[in-house]
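Reading through the structure tokens given below for one structure.
All residue numbers refer to positions in the sequence shown, counting from 1.
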Amino acid sequence: MPNDTEFDLILVGGGLASSLIAWRLALDRPEVRVCVIERDGALGGNHTWSIFDSDVAAADREWLTPAIGHRWPDGYEVYFPRRSRTLNTGYSSLTSERLHAAVAPLLADRLIGGEAVVVDSQGVTLSDQRRLNAHGVIDARGPTATRTLDLGWQSFVGRTVRLTAPHGLTRPTIMDATVEQFGAYRFVYLLPFDARTVMVEDTYYTDSPVLDRPALTQRIDDYIRSRGWTVEAVVAEEEGVLPIALDGDIDAFWADGPPVARAGLLAGLFHPVTGYSLPDAVLLARLISEQADLSSAALRRLTESYSKRLWRERAFYRLLNRMLFRAADPDQRWRVFERFYGLSDGILRRFYSGRSTRLDKLRILTGKPPVPFGRALLQVRESGRGSRS
């Protein structure tokens with residue numbers, strides 16, 4: 001009988017990144033004894049994660065199918081004051097409930113409820129003083145405050161509602177930026193789950209991670225009324241604050257904190273512009289499942305080098321973010337996205353998947369800038385410094 005305190009790999013935190021790593025290892029290497037420590041005892045928290053079809057390989061979309069609650073193969077829509085458009089890239093959403101249902105049975109009693117108070121390369125000590133030992137440890141507890149990266153923020157409150165009558169939506173609305181801006185780049189995000197059920201999410205690109213839930217909740221109510229919809233019941237609610245990368249010192253970021261492997265947002269693995277972490281989490285899970293050596297030292301080298309490589313490759317996206325946050329007036333930031341959505345489908349797909357070509361980058365920057373030119377020029381050079389606050 002295996003020792004219930006000895007494992008091959010401990011994943012600290014039961015969020016998206018940990019769940020996908022555990023899932024991939026269970027599929028590829030079921031002999032690896034994986035333990036996930038999650039304070040709340042359930043995987044994924046209370047979240048919806050979405051991807052465009054072009055964000056991940058077809059084989060990975062197939063793997064994720066049990067966790068995908070909804071898929072819209074016919075594309076999505078965007079709305080701005082001077083432009084509306086339907087794009088033909090398919091879109092899918094994963095839910096925490098389905099993620100837990102897919103992964104928790106694979107872990108069984110190796111999904112351990114508890115709070116990690118000490119994390120080191122040999123294992124984890126929980127708040128109840130239990131000690132769990134492992135050959136390898138990965139910390140994926142989510143982002144912590146850091147002065148090594150300069151960040152903006154995407155904050156949101158989402159509410160899924162059941163309406164008294166059909167809403168008339170056939171595709172997701174990724175951005176409805178025709179709404180009042182309230183001193184930030186604000187848009188409403190809509191996911192139609194069935195004819196009368198829709199998630200309405202009020203989203204902001206802001207300079208502060210502070211989320212004013214009462215204000216956003218009221219604005220969701222106002223938006224629903226503006227569409228002529230009447231709510232029969234509130235089905236679910238969620239909220240979040242995602243990092244948007246502008247600048248920073250990635251070496252200092254990795255030097256800060258315990259010298260163990262990291263995953264997810266704690267590893268800086270997210271799209272710099274959208275804050276989305278699902279595509280990076282999928283790729284990291286693949287990398288780890290292919291890693292012969294699952295020791296803490298080997299996993300630290302793997303996750304650190306992967307994070308730093310992506311940080312270097314994504315400098316262009318941080319440049320765009322500096323122009324958005326520092327060159328544009330907050331309530332005029334919508335103009336940047338309105339212009340962006342005038343570009344070709346291919347450029348948009350490669351942008352969201354983090355694979356923009358040199359020609360794509362030139363095309364994005366060509367033409368009359370939607371921000372003051374002088375301010376934009378000041379943002380061209382990356383400082384390599386962390387937070388300005």
Side-chain angles (χ1 to χ4, degrees), residues 1-45 47 49 59-60 63-67 94 96-126 128 130-142 258-267 269 277-278 280-304 306-307:
M1 189 75 177
N3 189 321
D4 62 4
T5 63
E6 301 288 336
F7 304 95
D8 297 311
L9 177 65
I10 294 177
L11 296 160
V12 187
L16 176 66
S18 274
S19 298
L20 295 189
I21 293 168
W23 194 358
R24 196 65 249 171
L25 284 168
L27 295 175
D28 296 343
R29 300 169 66 180
E31 76 283 359
V32 176
R33 188 166 159 77
V34 179
C35 162
V36 175
I37 299 170
E38 167 52 43
R39 179 180 56 193
D40 299 325
L43 298 171
H47 296 291
W49 302 275
D60 287 323
W63 152 41
L64 295 171
T65 296
L94 284 71
S96 52
E97 294 83 1
R98 290 180 69 103
L99 182 66
H100 178 86
V103 181
L106 302 175
L107 292 166
D109 60 357
R110 289 177 285 113
L111 173 56
I112 297 176
E115 184 172 3
V117 293
V118 176
V119 177
D120 57 53
S121 60
Q122 285 79 47
V124 177
T125 302
L126 303 180
D128 61 7
R130 279 181 293 168
R131 176 68 182 180
L132 307 178
N133 301 307
H135 183 57
V137 176
I138 300 176
D139 195 348
R141 286 177 289 181
V260 297
R262 303 181 198 168
L265 296 177
L266 188 62
L269 294 175
S277 59
L278 177 54
D280 283 352
V282 167
L283 291 175
L284 183 63
R286 285 282 192 189
L287 281 175
I288 289 173
S289 74
E290 296 165 359
Q291 176 81 2
D293 185 354
L294 293 178
S295 68
S296 286
L299 290 170
R300 168 69 183 212
R301 289 192 297 270
L302 177 71
T303 58
E304 182 174 355
Y306 178 58
S307 167

Under 3.5 Å, which donor-acceptor pairs do the side chains of residues 34-44 form with other protein atoms, sequence neighbours left out?
unit_1, atom_1, unit_2, atom_2, d
Glu38, OE1, Gly14, N, 2.7
Glu38, OE2, Asp40, N, 3.0

Is there a side-chain contact between Pro66 and Trp23 in this structure, where contact means two heavy atoms from C-beta onward sitting under 4.5 Å apart? yes
Could you tell me the separation between the CG atom of Leu11 and the CZ atom of Arg110, rounded to the nearest 0.5 Å? 10.5 Å
Do Arg24 and Leu284 come within less than 4.5 Å of each other through their side chains, counting heavy atoms only? no
I want to check something: taking the side chain as every heavy atom from C-beta on, are Ser307 and Leu269 in contact at a cut-off of under 4.5 Å? yes
Within this structure, what is the OG-NE2 distance for the pair Ser295 and His135, rounded to the nearest 0.5 Å? 4.5 Å
Give a yes or no answer on whether the side chain of Thr125 reaches the backbone of Val118 with a donor-acceptor pair at less than 3.5 Å. no
Less than 3.5 Å apart, any donor N or O on the side chain of Thr303 or Arg262 sitting next to an acceptor on the other? no
Is it true that a side-chain atom of Thr5 and a backbone atom of Leu132 form a donor plus acceptor pair closer than 3.5 Å? no
All side chain to side chain contact (heavy atoms under 4.5 Å, CB included) counterparts of Arg29, not counting sequence neighbours: Leu25, Glu31, Val32, Leu294
Does any non-hydrogen side-chain atom of Glu115 lie less than 4.5 Å from one of Leu126? no
Which heavy atom of Gly142 sits nearest a heavy atom of Leu266, and at what distance? O-CD1, 3.3 Å
Could you tell me which non-hydrogen atom of Asp8 sits nearest to which non-hydrogen atom of Arg33, and how far apart they are? OD2-N, 2.6 Å
Would you sort out whether Arg300 and Asp293 count as a salt bridge (charged side-chain N to carboxylate O under 4.0 Å, His left out), showing the intermediate values? CA-CA 11 Å; Arg300 168 69 183 212; Asp293 185 354; over 6 Å; no
Asp139 side, atom CG; Leu299 side, atom CG - distance, nearest 0.5 Å: 12.5 Å
Heavy atoms of Tyr306 and Asp280 approach each other most closely as OH-O, 3.8 Å
When rounded to the nearest 0.5 angstrom, what distance separates CG in Leu94 from CH2 in Trp49? 7.5 Å
CZ-CG distance between Arg286 and Asp60, expressed to the nearest 0.5 angstrom: 4.5 Å
Does the side chain of Phe7 reach to within under 4.5 Å of the side chain of Val137, using non-hydrogen atoms? no
If we ignore hydrogens and angles and just use 3.5 Å, is the side chain of Arg141 paired with the main-chain N or O of Val12 as donor and acceptor? no
Non-hydrogen side-chain atoms of Leu20 and Leu99 separated by less than 4.5 Å: yes
Indicate yes or no: at least one non-hydrogen side-chain atom of Ile138 is less than 4.5 angstrom from one of Ser18. no
